[in-house]
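First up is the structure itself, then whatever we jot down about it.
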Amino acid sequence: MTTSRQHQEAHGIGQIEKQLKNQSEAAVELQGENNVDQEIISAAINNDSEELDEILE
């Protein structure tokens, strides 16, 4: 059974993910996309944190 705190944390994480997606879309509109952006988006969609770590290194 989830607690209220866990529910609030999950909701907060969802809000952060939505905000980051919106910021990413705005950046693409202003600057265009590059290969690193595509790799990050692909890894994020696949939720592969190890792949994200490799890209960001």
Side-chain angles (χ1 to χ4, degrees):
M1 185 168 158
T2 60
T3 65
S4 177
R5 181 177 177 184
Q6 288 170 327
H7 180 76
Q8 288 174 345
E9 289 173 354
H11 181 70
I13 291 169
Q15 288 180 323
I16 291 167
E17 289 173 341
K18 183 177 180 181
Q19 182 179 7
L20 290 173
K21 180 180 179 210
N22 290 341
Q23 289 174 347
S24 174
E25 290 172 355
V28 167
E29 287 181 27
L30 294 170
Q31 302 171 8
E33 290 183 290
N34 66 38
N35 291 339
V36 173
D37 292 338
Q38 289 297 333
E39 291 177 26
I40 291 171
I41 291 168
S42 176
I45 289 172
N46 294 325
N47 199 20
D48 187 349
S49 61
E50 288 181 21
E51 187 176 343
L52 279 173
D53 290 340
E54 290 174 14
I55 294 168
L56 296 174
E57 287 178 355

Listed partners of Gln23 passing side chain to side chain contact (heavy atoms under 4.5 Å, CB included), at least two apart: Gln19, Leu20
How would you list, by chain and number, every residue that makes a side chain to side chain contact (heavy atoms under 4.5 Å, CB included) with Gln15, sequence neighbours excluded? His11
Does anything in residues 11-21 pair up under salt bridge (charged side-chain N to carboxylate O under 4.0 Å, His left out), and if so which pairs, sequence neighbours excluded? Lys21-Glu25
